[in-house]
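Computed from heavy atoms alone, side chains included, the values below leave out hydrogens, waters and symmetry copies.
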Amino acid sequence: MNSPDHYTNEGSSIDVVTWAKSQGLDVEGFYRINALKYLTRAGKKSTETKQEDLIKALDYIYRELTGEWIDKDLIKQKIKQCQKNTNLSQ
């Protein structure tokens, strides 16, 4: 599992969502609510956080679909490529 360090407990390799699944709890609602939270607040803290919030929403959607964390660095890299390509074509 590729989860951020701050999602584990004192070096334990299990995060809360993984634990909830092991207990038979439904976590799909958790993913959807968090995705919605990040979608609706995107850019409201500051314009600098808009992209980060949208990536977090994408992360929760991706995790529900695949059970894995998204590679945020790869997503940021692809966004930069798209922005660069858009600027070149204008």
Side-chain angles (χ1 to χ4, degrees):
M1 175 175 60
N2 181 21
S3 63
D5 290 340
H6 64 276
Y7 280 32
T8 59
N9 186 17
E10 298 177 12
S12 170
S13 62
I14 188 167
D15 68 356
V16 174
V17 174
T18 303
W19 176 85
K21 283 182 177 181
S22 75
Q23 301 302 306
L25 301 174
D26 179 19
V27 295
E28 287 179 359
F30 174 79
Y31 295 139
R32 293 174 189 185
I33 289 168
N34 276 303
L36 182 59
K37 172 182 74 174
Y38 285 112
L39 285 170
T40 57
R41 79 176 198 189
K44 290 188 177 177
K45 285 192 219 174
S46 70
T47 54
E48 291 82 31
T49 63
K50 181 178 179 179
Q51 179 176 302
E52 194 62 37
D53 285 338
L54 292 173
I55 291 171
K56 286 178 183 179
L58 182 62
D59 193 17
Y60 279 106
I61 293 166
Y62 185 81
R63 187 154 190 210
E64 181 174 336
L65 293 171
T66 67
E68 299 176 1
W69 292 102
I70 201 165
D71 184 342
K72 290 181 185 178
D73 291 333
L74 179 62
I75 297 299
K76 289 176 185 178
Q77 187 178 45
K78 289 198 174 279
I79 290 169
K80 284 182 182 179
Q81 286 175 338
C82 289
Q83 289 171 336
K84 183 179 177 184
N85 292 341
T86 301
N87 289 337
L88 290 175
S89 64
Q90 292 180 349

What is the minimum heavy-atom distance between Leu25 and Trp19, and which atoms define it? CD1-CZ3, 4.3 Å
Which atoms form the tightest heavy-atom contact between Leu54 and Ala42, and what is the distance? CD2-CB, 3.8 Å
What pair of heavy atoms forms the shortest contact from Leu39 to Ala57, and how long is it? CG-CB, 3.7 Å
Mind listing the closest non-hydrogen atom pair of Ile55 and Lys72 along with its distance? CG2-CG, 3.8 Å
Identify every side-chain donor-acceptor pair in residues 75-82 under 3.5 Å, counting partners at least two apart or on other chains, and give the distances.
| unit_1 | atom_1 | unit_2 | atom_2 | d |
| --- | --- | --- | --- | --- |
| Lys76 | NZ | Glu52 | OE1 | 3.2 |

What's the shortest heavy-atom distance between Tyr38 and Asp53, and which atoms? CB-O, 3.3 Å
Under the rule for side chain to side chain contact (heavy atoms under 4.5 Å, CB included), what residues qualify as partners of Tyr31, not counting sequence neighbours? Val17, Lys21, Val27, Tyr60, Arg63, Glu64
Thr40 and Lys37 have their tightest heavy-atom pair at OG1-O, 3.1 Å
